[in-house]
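Here's the structure we're looking at; comments come further down.
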Amino acid sequence: MSEQAKTKQTAGGKMWSGRFREPLDAVFEQWQRSFPFDVRLLPQEVAASKAHARMITAACILTEAELERVIEGLDQVGDISPEFAPIEPGMVNPKLLGAELGTTPRSIRRWLSKQPEFSDIHVKHTRIALAKDDPLLLRMKNHFAIQANLNLDGDGATEEFPATSEADVAASMAHAEDIHHFVELQLTKVIGPLALKLHTGRSRNEQIATDMRLFVRESIDTTAKGLRRWALALVELAEHAKDAAMPSYTHLQRAEPVLVAHWLLAYVAMIERDVSRLVDARRRMNLCPLGSGAVAGATLALDRTIAAQELGFDGPTQNSMDATSDRDFLLEFTQVLATVGVHISRFAEEMTLYSTAEFGFLDLPEAFSTGSSAMPQKKNPDFTELIRGKSARLGGAAATLTVLMKGLPLAYNKDLQEGQEPVFDAADTARGILGILPAFTRSLKFNLERMKTAAATGYLNAMAAATYLSNKGVPFRKAHEIVGNAVRLGLESGRELDAVSLAELQGLSSAFGEDFHAAVALEATLDCHDVIGGTARARVRAALAEARERLSSAAVTQL
Ligand code: ARG
């Protein structure tokens, strides 16, 4: 193979291209890029890079003046407008193709010779003549389009870099392998070759681990806030319901009367557990991987506490192999979201069910429902159905992460790149749902009369009746049987227990007395559950006050 032919296949411009002779397969190159989705980590990548810059300044790699330039440059890169939407894998930004390098192969070579990271290419290609349509030139255009404004025909690269233009950003976006590469490309554009010093003593393995921790930490806080708002909406609804009663269900069969507030507080209990899971996961993950290197730890004597502190972590991670390959925090986060999804979905299911004509317990808020294009009378529970459906994605993310991780040898493996999208999707899904759920919950209108009627009929007081007899000294097993007989008597004559006369009841057991009818009235059937966590009115009032207190307390509002 001629020198020229070899050259045409040589890769360049990647963060790792030095040892490669051949370029990446073009389709594979596009397909393996994480930039289209990890571009959202730009703020985290910039923050982590600043922390790293401070750390290597303390290790005398950068001077104070250089640090200042790097920080300014990173701030400028961090300001890049979100209007530059991520480019789909396999697509090339047309802005990039239109960018004209406007220089000669000779000047490109000269420029290359000044870039230490491309010295390999320089050595190999000093005698290569590039035709205008040479594919290598096109590759170089792609790789170096960010440098297009340099006067390559003149004295080589100048140190003066003008402000980032839209076309420059587009070029970097089309070319960047991932967010780390993108920031490096852009920073080079903004501050020149000094940008290439920033990678001293670090690896993308620790960078992505750090970026994801920062992302998850923020998402934990957002999710916890959303959950707290939802819990407060439920508390508000419960306060409005006062002493209203409804049937509780076991096996979806009417069981015993409960307070509507008691039922709503069941969801508050689930939410509070979810928040505590988030707080717990946050505490465990809040350690900084920076300084872990690619796998074995940084090769410079870095003071890792500098970066940890700068990024608000509680300290550095303990083990470099673990830190670069650990994704437990993603697992935990998605697992918590999966549980949140289960709770949201159960709530959604109950609202869907209770809004049916069959139950008639609530009127769906019109603002969150749609009609049917076919059946004019319909009001469909779109919101609750959609969140019931979307919660499947939360469980799906946890499942993906679990399967992704389970067979990976230590330490970093490229598979880990696949862990990002499910996490982003789960975080976005949870944020979307929790952005609407509190308002939906607040706007719910219960048909309290109908709920009460359902609670007061159908012998839901049978358990209270049996308790009445056992309080009179009848063994519960016997009491259960006697009340069963009384229920049959009622069923046969179309009467509730409180409409069966005392004389008839005494025919079943002499233990029935004057006070029986009061003992099976709705309020009494509620109040006989007078234990911590029971539905007695006084207990629920206290529980409600405590829930409000807890939700307004500093520990939760901090989130
Ligand atoms: N985009 C990569 C990821 O998300 C960054 C780390 C790359 N590291 C490497 N050794 N190739 O995992």
Side-chain angles (χ1 to χ4, degrees), residues 11-20 22-25 28-49 51-52 77 86-90 117 172-187 196 198-217 219 285 288-299 307 317 320-331 333-334 397 400-401 403-427:
K14 296 275 182 236
M15 294 175 96
W16 43 261
S17 47
R19 59 96 65 222
F20 282 81
E22 302 209 356
L24 282 184
D25 174 273
F28 171 65
E29 178 180 21
Q30 286 300 319
W31 177 82
Q32 55 93 45
R33 297 169 72 222
S34 54
F35 184 71
F37 51 85
D38 69 17
V39 60
R40 67 185 294 166
L41 295 173
L42 179 64
Q44 289 80 4
E45 176 68 11
V46 166
S49 294
H52 177 75
V77 174
I87 295 148
E88 294 296 317
E117 60 159 358
S172 300
M173 283 194 157
H175 172 46
E177 189 169 316
D178 53 29
I179 188 62
H180 322 297
H181 191 200
F182 175 75
V183 169
E184 186 175 290
L185 290 171
Q186 280 307 117
L187 191 63
L196 303 176
L198 183 60
H199 207 58
T200 317
R202 74 172 178 176
S203 149
R204 284 187 293 163
N205 296 354
E206 58 182 311
Q207 284 172 259
I208 189 62
T210 307
D211 292 356
M212 287 305 282
R213 280 184 193 239
L214 292 172
F215 176 85
V216 168
R217 194 174 68 184
S219 300
M285 61 146 287
C288 186
L290 288 184
S292 297
V295 56
T299 49
T317 47
S320 62
M321 293 180 77
D322 176 52
T324 47
S325 66
D326 166 36
R327 297 294 184 273
D328 288 5
F329 61 100
L330 300 184
L331 257 178
F333 176 54
T334 51
T400 303
L401 261 298
V403 181
L404 176 72
M405 296 302 297
K406 74 177 207 22
L408 292 187
L410 291 184
Y412 178 85
N413 297 272
K414 188 81 165 192
D415 314 41
L416 293 174
Q417 185 168 291
E418 284 301 300
Q420 294 178 34
E421 283 170 290
V423 171
F424 295 151
D425 184 66

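Hydrogens, waters and symmetry mates are skipped; everything else that's a heavy atom, side chains included, is used. In each ligand, atom 1 is the first atom listed, and ligand 1 is the first ligand listed. Numbering starts at 1 and runs along the sequence shown. All values derive from a computational prediction rather than experimental measurement.
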- prompt: Roughly how far apart are L416 CG and M405 CE, rounded to 0.5 Å?
  reply: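 Reported value, rounded in 0.5 Å steps: 5.5 Å.
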Let me check something: any side-chain donor-acceptor pairs from residues 34-44 under 3.5 Å, sequence neighbours excluded? List them with distances.
| unit_1 | atom_1 | unit_2 | atom_2 | d |
| --- | --- | --- | --- | --- |
| S34 | OG | D38 | OD2 | 2.6 |
| S34 | OG | Q417 | OE1 | 3.4 |
| D38 | OD1 | I179 | N | 3.0 |
| D38 | OD2 | I179 | N | 3.4 |
| R40 | NH1 | D428 | OD2 | 2.9 |
| R40 | NH2 | D428 | OD1 | 2.9 |

SB check R213 D326 (cutoff 4.0 Å):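 So R213 pairs with D326 through a salt bridge.
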- prompt: Are any non-hydrogen side-chain atoms of F424 and M212 less than 4.5 angstrom apart?
  reply: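 Counting from C-beta outward, F424 and M212 do come under 4.5 Å.
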- prompt: Are any non-hydrogen side-chain atoms of E177 and L185 less than 4.5 angstrom apart?
  reply: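 Answer no - side chains too far apart.
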task: Output the set of protein residues with a heavy-atom contact under 4.0 Å to ligand 1, ordered first by chain identifier and then by residue number.
output: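 Lining ligand 1: S34, D178, H180, R204, N205, I208, Y412, Q417, Q420.
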message: Looking at K406, I want to see if its NZ is surrounded by more than 12 non-hydrogen atoms of other residues, nucleotides or ligands under 6.0 Å.
response: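 No, the 6.0 Å shell around NZ holds no more than 12 heavy atoms from other groups.
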